[in-house]
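Beneath this line is the structure, given in C-alpha cells, with notes to follow.
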Amino acid sequence: MSQLALVIDLNVCVGCHACVTSCKEWNTSGVAGALSDDRPYGEQPTGTFFNRVQTFEVGEYPNTETVHFPKSCLHCEDPPCVPVCPTGASYKREEDGIVLVDYDKCIGCKYCSWACPYGAREIDEHQKVMKKCTLCVDRIYDQNLPEAERKPACVLACPTSARLFGDVHDPESVVSKAIREEGGYQLMPEWGTQPANHYLPRRKTRIQIHMDELVRADNPLKKEGPTVKPGLDEPSLDDVTSW
Amino acid sequence: MHPAFSVIFLTTLIGVGQGLFLAIYTGEVYGTLDLLPAQSHNFYVTGSMLALIFLVAGLVASFFHLGHPERAWRSASQWRTSWLSREVIVLPAVIGAILVYGLVHLLGLKLTLFGFNTGLDNDLSLILGSGGTLVTFLLFLCTGMIYACIKFLKEWASPLTVINYTLLGLASGFLLAAALAAILAPALVQFYVVWTIIITISGLVTRIASLVRNARLKPQSNLKTAIGIRHGKIQQRSQGQMGGSFNTREFFHGAPDWFFRNIKWVFLVLVFVVPVILISLAMGNSGFLILVVAFVTQYIGLIAERWFFFAQANHPQNLYYQTVG
Ligand code: SF4
Ligand code: SF4
C-alpha cells in the first residue's frame, strides 16, 4: 500500500508563495468549483486556501534565522479528522493514502476541522463544505499530462525545489531517501497522527577548504629528491601528462 | 474555539428536555412505588410535551450550524466511529421515545392491550419510560463525547465533560419539572426542588473540578513541535494571510479579555448560586413564579457556561495563527 506525501525542505524554501498561488490557481479551476475568495482586492481579504506559507523567526536578534514554513494537509496515516466525520464525507483512500473530502456528501458541520491539530482544513464559506489539500488528486494520475507533470501543482511551481513528492512507503522513492538521509521529521508527533508529509530541517551545508587545496601541491607522493616546483601560472604535472 | 450560538442552544436546550423527561419519569416511578402520590396522566402528558418542545427546539438550533442542512440525513451513517453521528441517531430516538411515552399517557394505554395483566395502571408507560431513560442518558453521553473525544483539545478531553453536560442538563430539567409541578402536581414540588438542589450542587462541584483541572493544564504542543525546530525562542512573523481566514475565525473566541476572564463568575452565580437560593425559598410554599424565575436565570447562566466551555478550549492549530504580518 502506498502513501503519497510531500516532503518540504525548510532549508531551501525561500518563502516566495509560488506554491500557494499555483495551488490556488489549479484548485480553483477544477471540477469541484472555485475556492472562494471574499474581497480579494479590498480590505480584509479572505478566502479558502489549501496551502499557506508562514514565516517564523528563530533565535534572538541579531542571531536570528527566518524560517519559511509551508503548511497544508499532511495526509496523516492515522488521521483524527476522518473517524469523527458523521457523514463519511472525509475519508482516506486505501490505494494511495490521500485524505479527501467528498464535497457532495459534506454537510459543513466543521467537526473534522476541530479534530485536525494542524488547522489544515478550511471551510469554503460560499459552497459551505470543508476543503483541504487533495495532493492534486485530479492531476497526478492524469494520463493526458506528460509523466513529469503528474505532480501536485505546488511541487511543479517551487522555484527552489523545496517540495518533493512521492510515496513514503517505498523506501527507494525520492521522498523516503530525503527523509532518511536529511533528517526528515513530522509535525506535532505528540498526537500520534503520523503525518505522511515530512519536513527537512534547517542544516548548514559547508565544505572545509584548506589553503593547500587551493594552491596545487604537485607530485605529493614523490618523496625522493627535490623536484622542480612549477610556478603557479605554468602548466602543472597533472595538467600536462602523467610521467 | 469560537462559540457558535447554534451549538450553545442545541446543547442547553436538549439538556433541559432530557432532564425534564427524566424528572417526570422519576416522579412516575416513585409514584408507582408509593413513595410519592401518583399523579394524573395530565402531568406526565404536559411534562412530555414540554420536554419535546425543548428537544425539538434544540434540534432546530443544530440545523443552523450546518452548511448543508438538506444533507443532514447523511450524518447518521458513520455511527461506528463518530460520536456526532451517534448523537444524530440518538437525539431523534429520544424525541420518539418521549413522544410515545406522552401518547401512552394521553391515551391511557396499558399492557392489557397486549394481553398482559399486571394490575398496574401505568405498566406500559413504565416500560417505555425506562427505555426513554436509557436513550436519554445515551444522548448525554453522545453529546459530551463529541467534545471529550478530541484528545488534543485538552480542556474537553476529560470524563468531566460528559459528567457536566449530564448534571447541568439534569439540573435545569428538574428545575423546570419543579415549576411545572407547582401548577399541576403540588405534591411533587418538594421532591423536585430537593433533587434540583442536590443535582445543582453536584454540578457545581464537578464544574469547579473541571475549572480547576483546566486552569492547571499544560499545553502539550508548542511552537517547537508545531514547526519542528528545536529552539527556545521562536516567533511567528507572518501567518500567510493579512485578512484572516477560517483558521482565525473558527478557533479563537474573539471576545475581549475582560469578558473572557469574568464570564465564569457570571455563570457560576447564575447557574448555581442564584437558583439554589431561589428554590430554597420556594421549598416551603409551592411558588410557581419563583421557580420559573430560577429556571430562566439558570438557563441564561447555562448559555454563559456553554459559551465559556467553547471559548476556553485552546486548539493546537492556534499556534500557527499568532501573528498577522
Ligand atoms: S493534517 Fe489534518 S486534515 Fe490532514 S489528514 Fe492530518 S488531521 Fe486530517
Ligand atoms: S464538515 Fe464535512 S467533512 Fe467535515 S466532519 Fe462535517 S461532514 Fe465531515
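Chain letters run A, B, ... following the sequence lines, proteins first and then strands; every chain starts at 1.
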Residues, nucleotides or ligands: over 12 heavy atoms within 6.0 Å of A/Lys110 NZ: yes

Note, A/Phe49 side chain near B/Gln241 side chain (heavy atom, < 4.5 Å): no

Toward chain B, the part of A/Val67 with a non-hydrogen atom under 4.5 Å: side chain

Test side-chain contact (heavy atoms from CB on, under 4.5 Å) applied to A/Glu190 and B/Phe152, step by step: CA-CA 9 Å; A/Glu190 60 272 25; B/Phe152 46 79; over 6 Å; no

Donor-acceptor under 3.5 Å (B/Ser82 side chain, A/Val84 main chain): yes

B/Gln239 side chain to A/Arg52 side chain, donor-acceptor N/O pair below 3.5 angstrom: no

Heavy-atom side-chain proximity of A/Asp104 to B/His68 below 4.5 angstrom: no

Which of A/Ala120, A/Pro201, A/Cys106 touches chain B most, by non-hydrogen pairs under 4.5 Å: A/Cys106

Check: A/Trp114 main-chain N/O paired with B/His315 side-chain donor or acceptor under 3.5 Å: yes

More than 12 heavy atoms of other groups within 6.0 Å of B/Arg216 CZ: no

Chain A interface, residue from B/Lys224, B/Gln322, B/Lys151 that has the most non-hydrogen pairs under 4.5 Å: B/Lys151

Short side-chain to backbone donor-acceptor contact, B/His65 and A/Cys109, under 3.5 Å: yes

Engaged part of A/Glu65 at the chain B interface, taking heavy atoms whose separation is under 4.5 Å: neither

Heavy-atom pair of closest approach, residues A/Thr46 and B/Arg249: OG1-NH1, 3.1 Å

Shortest non-hydrogen contact between A/Tyr111 and B/Tyr147, atoms and distance: OH-N, 4.4 Å

A/His68, part contacting chain B, at a heavy-atom distance under 4.5 Å: neither

Shortest non-hydrogen contact from A/Gly88 toward B/Ser77: N-OG, 4.3 Å

Any donor-acceptor N/O pair, B/Ser75 side chain to A/Pro86 backbone, under 3.5 Å: no

Interface moiety of A/Val53 toward chain B, non-hydrogen atoms closer than 4.5 Å: backbone

Set of side chain to side chain donor-acceptor pair (under 3.5 Å) partners for A/Gln186, sequence neighbours left out: none

Part of A/Ser113 within contact of chain B (heavy atom distance under 4.5 Å): both

Close approach to chain A in residues 250-259 of chain B, criterion heavy atom under 4.5 Å: B/Glu250, B/Phe251

Contact origin within A/Tyr118 toward chain B - heavy atom pairs under 4.5 Å: both

Leading residue by heavy atom contact count with chain A [cutoff under 4.5 Å; candidates B/Thr248, B/Val7, B/Thr81, B/Ile227]: B/Ile227

Residue among B/Ala226, B/Ser221, B/Ser85 with most heavy-atom pairs under 4.5 Å to chain A: B/Ser221

Chain A contact via B/Ala76 - side chain, backbone, both or neither, heavy atoms under 4.5 Å: backbone

Distance-minimising heavy-atom pair for A/Glu122 and B/Asn247: OE2-OD1, 3.1 Å

Minimum side-chain heavy-atom gap A/Phe56-B/Thr323 below 4.5 Å: no

Short side-chain to backbone donor-acceptor contact, B/Arg74 and A/Ile107, under 3.5 Å: no

B/Thr225 side chain to A/Met188 backbone, donor-acceptor under 3.5 Å: no

Most chain A-contacting option - heavy-atom pairs closer than 4.5 Å, from B/Ile146, B/Val88, B/Asn318: B/Ile146

Under 4.5 Å from any heavy atom of chain B - which part of A/Arg121: backbone

B/Leu66, part contacting chain A, at a heavy-atom distance under 4.5 Å: both

Any side-chain heavy-atom pair of A/Met130 and B/Phe246 under 4.5 Å: yes

Minimum heavy-atom distance A/Pro117-B/Tyr320, with the two atoms named: O-CE1, 4.3 Å

Donor + acceptor pair across side chains of B/Ser238, A/Gln54 (<3.5 Å): no

